Amino acid sequence: YWNPLHEVDEEQSVMPALQAYGPRAVVDPLLRRTVVEHQALDELRDSVGRVWSELAEEPRRLAELRDPLRSLTRSLTRTLAVHFAWEEQAVFPEVTRFVPPEVQARILRVMRARRAVDTAEPRAARA
C-alpha cells in the first residue's frame with residue numbers, strides 16, 4: 001500500500017516540475033499540503049515502527065502492544081488513503097495540465113530508475 005519512495009518521488013520529481021511549470025497560485029498550496037502530509041505520515045510510520053521494534057525485541061509483550069499497534073496501523077492506513085485520494089484529485093491533474101509531456105516522461109523514467117524497474121520486454125516476448 002505504501003511505497004517508501006513515494007515521498008522522494010513527489011518531493012524530488014513531481015513538485016519541482018510543478019513549481020517549474022505551474023503558476024505559483026496553484027502550485028504553492030499543493031506543495032505546502034504535500035509537505036505537511038508527508039511529515040504527518042513520517043511521524044505515524046515512525047510510531048508504528050517503534051512499536052513493531054518493541055514487539056520484535058520482546059514478543060511476550062504482544063498483549064500489551066496489540067492495541068497501540070492496531071490503532072497506529074489504522075491511523076496510518078486512513079491517513080495514507082486520504083493523502084493518495086487527494087493527490088489523485090488535486091495534484092496529478094495539475095501535473096497533466098502544466099508539466100510538458102516530455103518532462104512527465106522524464107519524471108517517470110527517474111521514478112522507475114529509483115526502483116530499478118526493468119522496463120525491457122520479457123525474454124519470451126523477444127524470442
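These numbers come from a predicted model, not from an experiment.
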* Partners passing side chain to side chain donor-acceptor pair (under 3.5 Å) against R106 (at least two apart in sequence or in another chain) -> none
* Quick one: side chain to side chain contact (heavy atoms under 4.5 Å, CB included) partners of A40, sequence neighbours excluded? -> none
* To do: Run the salt-bridge test on R112 and D9 with the 4.0 Å N-O cut-off and return the result as yes or no.
  => no
* Asked: What is the minimum heavy-atom distance between P93 and A90, and which atoms define it?
  -> CD-C, 3.9 Å
* side chain to side chain contact (heavy atoms under 4.5 Å, CB included) between M111 and L5, intermediate numbers included -> CA-CA 8 Å; M111 289 168 59; L5 294 174; over 6 Å; no
* Should V110 and F92 be regarded as members of a common hydrophobic cluster, given that ILVMFWY residues are connected when their side-chain heavy atoms come within less than 4.5 Å of each other, either directly or indirectly? -> no
* Value rounded to 0.5 Å, distance of CG in L65 from CG in L55 -> 6.0 Å
* Just jot down the salt bridge (charged side-chain N to carboxylate O under 4.0 Å, His left out) partners of R32, sequence neighbours excluded, or say none. => none
* Asked: Looking at residues at least two apart in the chain, or sitting in another chain, which of them share a side chain to side chain donor-acceptor pair (under 3.5 Å) with R74?
  -> none
Distance-only criterion, 3.5 Å: show the donor-acceptor pairs between side-chain atoms of residues 13-29 and protein atoms not counting sequence neighbours.
from : atom 1 : to   : atom 2 : distance (Å)
S13  : OG     : R114 : NH1    : 3.1
S13  : OG     : R114 : NH2    : 2.9
R24  : NE     : D28  : OD2    : 3.3
R24  : NH2    : D28  : OD2    : 3.2

* Note, Q39 side chain near V35 side chain (heavy atom, < 4.5 Å) -> yes
* Is L44 reachable from V36 through a run of I, L, V, M, F, W or Y residues, each pair having side-chain heavy atoms under 4.5 Å apart? -> no
* Asked: Got a sec, which residues hit salt bridge (charged side-chain N to carboxylate O under 4.0 Å, His left out) with R70, two or more places apart in sequence or on another chain?
  -> D67
* Asked: Sequence neighbours excluded, which residues qualify as side chain to side chain donor-acceptor pair (under 3.5 Å) partners of S47?
  -> R50
* Pair listing, ring pair (Phe, Tyr, Trp, His ring centres under 6.0 Å) test, anchored in residues 27-79, at least two apart -> H6-H38, H38-H83
* Among residues two or more places apart or on two chains, list those pairs meeting side-chain hydrogen bond (donor to acceptor under 3.5 Å, both in side chains) that have a residue in residues 93-104. => E94-R97
* **Under the side chain to side chain contact (heavy atoms under 4.5 Å, CB included) test, residues paired with T73 that sit two or more places apart** => V48, L69, T77
* Asked: Under a 4.5 Å cut-off applied to non-hydrogen side-chain atoms, are L41 and E7 in contact?
  -> yes
* Which residue pairs pass the salt bridge (Lys or Arg N to Asp or Glu O under 4.0 Å) test when at least one of the two sits in residues 11-21, sequence neighbours left out? -> none
* Structure fact -> Nearest heavy-atom approach of L30 to W86 is O-CH2, 3.5 Å
* **Residues that E64 engages under salt bridge (charged side-chain N to carboxylate O under 4.0 Å, His left out), provided they are two or more places apart** => R61
